[in-house]
Structure formats: C-alpha cells, structure tokens
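A quick write-up on the structure given underneath.
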Amino acid sequence: MATATTQPDGTPGQELVGTQPPPETMTWPDTPKFRGFFAPSRIEADVYDLEVEGRIPPELSGAFYRAAADTQYPPRFPNDTYINGDGMIHMVRFDNGHADLKTKYVRTQRFQLERKARQALFGAYRNPYTDDPSVAGIDDGNANTSIIWHAGKLLALKEAALPYELDPVTLETKGVYDFSGQIPGRTFTAHPKHDPRTGELVAFAYNASGRPDKQIHIYEISAEGKVTRAQSFEVPYSSMVHDWLVTREHFVFTITPMIIDEEWMKHDEQFCLWDPNRDAYAAIIPREEGVSGIKWFRSERVMEGHSLNAWTDGDTLVGDHFVTKSGWFSQFPKTTVGLLPEEPPFLERWTFDLTQGAAHWDDATDIYRSEQLLTSPGDMPRVDPRVLMEKNRHAWVGGMIHEEPMCEIGPMGPPLNAIIHRDDSTGQQTHWSAGEHAAPEEPVFVPKSAEADEGEGYLLTLVGRRDEMRHDMVILDALDIAAGPIATVKIPFRLRYGFHGTWVPASELAK
Ligand code: V55
Ligand code: FE
C-alpha cells in the first residue's frame with residue numbers, strides 16, 4: 001500500500017510504496033529477518049553465574065560488551081534492512097572464573113519516543129522521508145553497531161548519529177555524548193580506532209550535517225577525551241563509508257559508489273544505492289601533515305567491508321581489509337538490482353606506493369597492488385589491539401568455510417561458520433568450526449596480560465546455536481583455536497544477531 005509522507009522540511013512528501021498502516025496488534029513481519037532464530041529477542045535480563053563447560057581462565061577479569069540490532073517494534077517497512085534495529089547491548093562480566101550476563105536496550109531518543117507511542121515512528125533505514133511526521137528533525141540514531149571504551153566512558157555507536165554514553169556496570173543510558181561539545185556534527189563513525197602507543201582515539205564522520213553531503217571529518221581525540229584536531233576533506237560523491245584503514249602515519253578511506261542521494265530517498269525507501277557507473281577511489285591522508293597532503297588513487301569498484309589492520313613502511317602502505325565486488329550482500333539495502341551479482345567479502349591486502357597518487361580525485365590514475373589473503377570468504381576481522389596501526393603477525397576473522405557445516409542464510413547473508421586464524425609470517429591458516437547449526441559472530445581478542453606477546457591470549461566469540469534457539473560464548477586459545485574452546489559459557493536464551501564488541505579489563509572498570 002502507499003502512504004503520503006511529510007518531508008523533513010515540513011512540506012508534503014512523495015507517495016512511498018510499502019508503508020504499513022499503524023499496527024493494531026504486535027506482530028512481526030512474516031519474513032526471514034523476523035522469523036525463528038532471527039526474530040527480535042527484546043529480552044533485558046540479568047543472569048548471574050552462567051553455566052560453564054570447561055574452565056574460564058581466572059585471569060580473564062573484566063567485561064565483554066557488544067552491540068546488536070534488536071528491533072523494538074514491527075518496522076514500518078517490512079523489507080527494511082536488518083541494521084535498522086534498536087541497539088541492545090550484551091555484556092558478559094568475567095570475574096575469577098565466573099561469568100554473569102546483562103542485556104539492556106540503549107535508551108536512545110528514538111527508542112523512547114517509539115516506546116511511548118507503542119509503535120515504530122521512524123521508517124526505513126536512515127530515510128527521514130519515511131518517518132512519521134511527529135519525529136521530523138529528530139535523528140534516528142539507534143546505537144546498534146559497536147561499543148567502545150574511551151577516556152573512562154562506555155560509548156555505543158551508530159554511524160548515522162552521535163554516540164550514546166552508557167553506565168559500564170548497569171548499562172543504563174546516560175545520554176548522547178558529543179565529547180562535551182567538541183564535535184559539532186551530528187554523526188560519528190562506528191569504527192574509530194585506538195592508537196595503542198598514545199591511547200588516542202582517531203575517528204571520522206560522514207554526512208555530519210545530518211543530510212547527504214560530500215565532507216568527511218576526521219577527529220583526533222586524546223586519551224583524556226579532548227579533541228586535539230578536527231579537519232575535513234571533500235569526496236566526489238556522498239556514499240556510505242562504514243570503516244577505514246589507519247596506520248601510525250596515514251588514514252585511508254575507500255570511497256566506493258554506495259551512493260546516498262537526497263532525491264533518491266524521496267522516491268524510494270532505500271537509503272543508498274550501488275551505482276556501478278561511478279568511479280571508485282582510495283584517499284590517503286598523512287596523519288601529521290593532515291588533509292592538505294591528501295593523495296587520491298583509483299580503486300577497483302569494490303565495497304569495503306571491515307578493516308583488519310594497516311601499516312606504513314617507508315614509501316609503502318599496506319592495508320588489509322574485507323572487500324566485496326558488489327554492494328556487500330544483504331547487509332545493505334538492495335541497489336541497482338541485476339547489474340552486479342551479490343558477492344561475499346574476501347580479505348584483501350592492498351599495497352600502495354606512496355610516491356604515487358594525485359592531489360585531486362579527477363587526476364587519480366595510479367592504482368595499488370591487491371592480493372587475496374584467505375581462500376574462504378568472511379568478515380569481522382580482529383588483531384591484537386596492541387599492534388593496531390603497525391605490522392601485525394596474527395589475525396582472526398569470522399569465516400565461511402564451505403567444507404564445514406553451513407547454516408542457512410541469515411539476516412545479513414551467508415552466516416559465518418568458523419573462526420579463522422592467519423599467521424602472516426607463514427601465510428598459514430587454521431580454523432575452528434562452530435559445528436552443526438552454529439554461527440559464530442565477531443571474535444574479540446583479550447591479551448593474557450599486558451606484557452604478553454602479540455597474540456598470546458583469548459578469543460571471545462558469541463555463537464548462535466540455531467537448533468537450540470540460544471547462544472553460547474566460547475573462549476578459545478587465540479594461538480590454538482583449532483583445539484576448540486577452553487570454556488563454553490552457556491547463555492540460556494537467544495540473543496539477536498549482533499555486530500561489534502570490545503573488552504574492558506576490570507582494572508579499567510574500577511577507575
Ligand atoms: C553496517 C552496519 C550498520 C550500519 C551501517 O556492518 C553499516 C555494516 C549495524 O549498522 O548502520
Ligand atoms: Fe561494522
């Protein structure tokens with residue numbers, strides 16, 4: 001059915017096909033994203049002393065946090081993308097061999113307005129033309145993508161809005177966090193990076209005006225939370241920029257045509273569209289000199305998934321990241337259907353010659369060398385955070401290994417079915433398969449101690465047990481994942497599929 005909408009400026013909008021009337025009952029759409037294992041969970045719970053198979057290493061002391069999209073009310077667009085769901089935080093607190101679970105929704109402005117109305121007021125993913133007029137001008141930030149710890153604050157992130165600060169013990173929402181007014185824009189990436197040498201947080205924002213624009217802002221934030229530098233540069237078109245590559249010396253943005261266009265949004269519920277007729281670029285910015293030293297390279301037309309790590313070595317810059325040749329499978333709204341087949345992400349190493357590159361994208365002709373690092377597709381990469389921005393030896397990623405038991409397709413496309421470890425010194429890879437009907441999510445690395453060598457530590461991974469309609473958290477020996485879990489922490493109910501997490505040591509939480 002079609003319903004007229006109101007535009008953000010208050011004028012009557014287009015007829016948008018697919019809008020649902022306000023629901024009379026609480027029913028999820030009968031679609032794969034909302035059925036069975038992928039139905040919203042919406043359970044806010046405290047479970048003390050989870051059941052454990054094996055033994056949790058007693059030195060594992062601190063909290064694992066991660067963000068998920070757990071839709072609160074039936075969506076106004078039943079085919080809307082999964083990533084539009086409300087932010088739910090999952091916390092597993094480890095103490096002396098014990099594990100406690102807490103789950104809680106982030107009380108975003110959007111969450112609270114919808115709860116009061118007892119229905120969805122925000123429409124399709126980041127398309128204000130599909131929102132109920134009562135929420136015009138209010139951002140749709142849902143704090144569902146990642147969670148970080150910086151300057152003693154726990155922040156839940158969504159790239160479409162500013163962070164929300166949470167209490168690290170109770171998970172109660174403290175409110176929007178704009179770094180005490182130091183960040184003027186309305187958005188902040190879900191993938192800032194910590195510089196392990198300085199404790200700084202480096203971050204970016206796109207569409208910080210709140211509407212499609214062609215500026216990317218870069219922020220450097222001290223270990224104490226002070227914004228020490230803010231700069232911006234122009235890109236050839238407004239497009240989705242989910243992640244980036246950061247070395248000690250450089251920032252690298254992959255600009256590919258997942259186009260965000262205001263006019264398109266007035267006619268279609270979808271936020272972005274993949275335009276294979278546009279060129280793609282990589283922009284390299286020297287950290288010290290800043291945006292005046294920007295260099296543009298031509299890029300293959302690939303969508304960057306998640307970055308693993310990057311480093312600069314003299315005149316060479318190496319960046320390892322997942323890329324897909326199409327608009328990143330079903331994670332994103334459908335685009336120019338039929339022009340490109342949807343392809344899964346592969347881990348690629350891009351090597352740039354820093355003596356090349358052009359000052360403007362129009363003059364960009366130089367390319368880089370690219371090689372595939374893993375034979376299986378995958379996503380959700382991690383390194384030991386202590387070697388981020390410099391050459392790492394060890395890498396862990398979620399993999400889709402066809403020789404291992406595969407789960408049915410999920411809300412974000414083919415599910416991960418294994419965790420892969422790759423040793424860059426030998427190129428060798430080993431893996432741990434999660435078994436039948438089991439899908440691991442992003443692995444989080446925890447060093448054994450502050451002094452431990454790179455990679456010496458544990459991998460914490462939530463695993464969806466689809467046949468049992470619940471989750472486990474497995475603890476793997478990071479350098480021997482093939483040996484299987486050291487411990488499996490059993491979660492007695494189903495969490496909704498999530499995205500990115502972090503580890504905060506107890507010593508930090510105690511401050
Ligand atoms: C991604 C996820 C998002 C989003 C944009 O994983 C991109 C990619 C969970 O939300 O808003
Ligand atoms: Fe992400």
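Remember, it's 1-based here, ligands and their atoms both numbered in the order they're listed. Because the structure is a prediction, the values reported are computed rather than measured.
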Inset, instruction - Check whether any N or O atom of Thr145, backbone or side chain, sits under 3.5 Å from an N or O atom of ligand 1, and answer yes or no. - result: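 The answer is yes, given that Thr145 and ligand 1 share an N or O pair closer than 3.5 Å.
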Legend entry - ligand 1 atoms in contact with Glu159 (distance to a heavy atom under 4.0 Å): 5 (C), 7 (C)
Legend entry - For Lys158, atoms of ligand 1 separated by under 4.0 Å from a heavy atom: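 Matching atoms, with element in brackets: 3 (C), 4 (C), 9 (C), 10 (O), 11 (O).
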Which of parallel (below 30°), tilted (30 to 60°) and perpendicular (above 60°) describes [X] and [Y]?
| X | Y | result |
| --- | --- | --- |
| His306 | His500 | perpendicular |
| Tyr368 | Phe352 | tilted |
| Phe233 | Phe253 | tilted |
| Phe251 | Trp244 | parallel |

Inset, instruction - Report yes or no: does a heavy atom of Tyr125 sit under 4.0 Å from some atom of ligand 1? - result: yes
Inset, instruction - Please check if the side chain of Thr256 supplies one atom and the backbone of Val302 the other of a donor-acceptor pair under 3.5 Å. - result: yes
Inset, instruction - Please work out the angle at the Fe ion (ligand 2) defined by atom NE2 of His306 on one side and atom NE2 of His500 on the other, rounded to 10°. - result: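 The angle at the Fe ion (ligand 2) comes to 90°, rounded to the nearest 10°.
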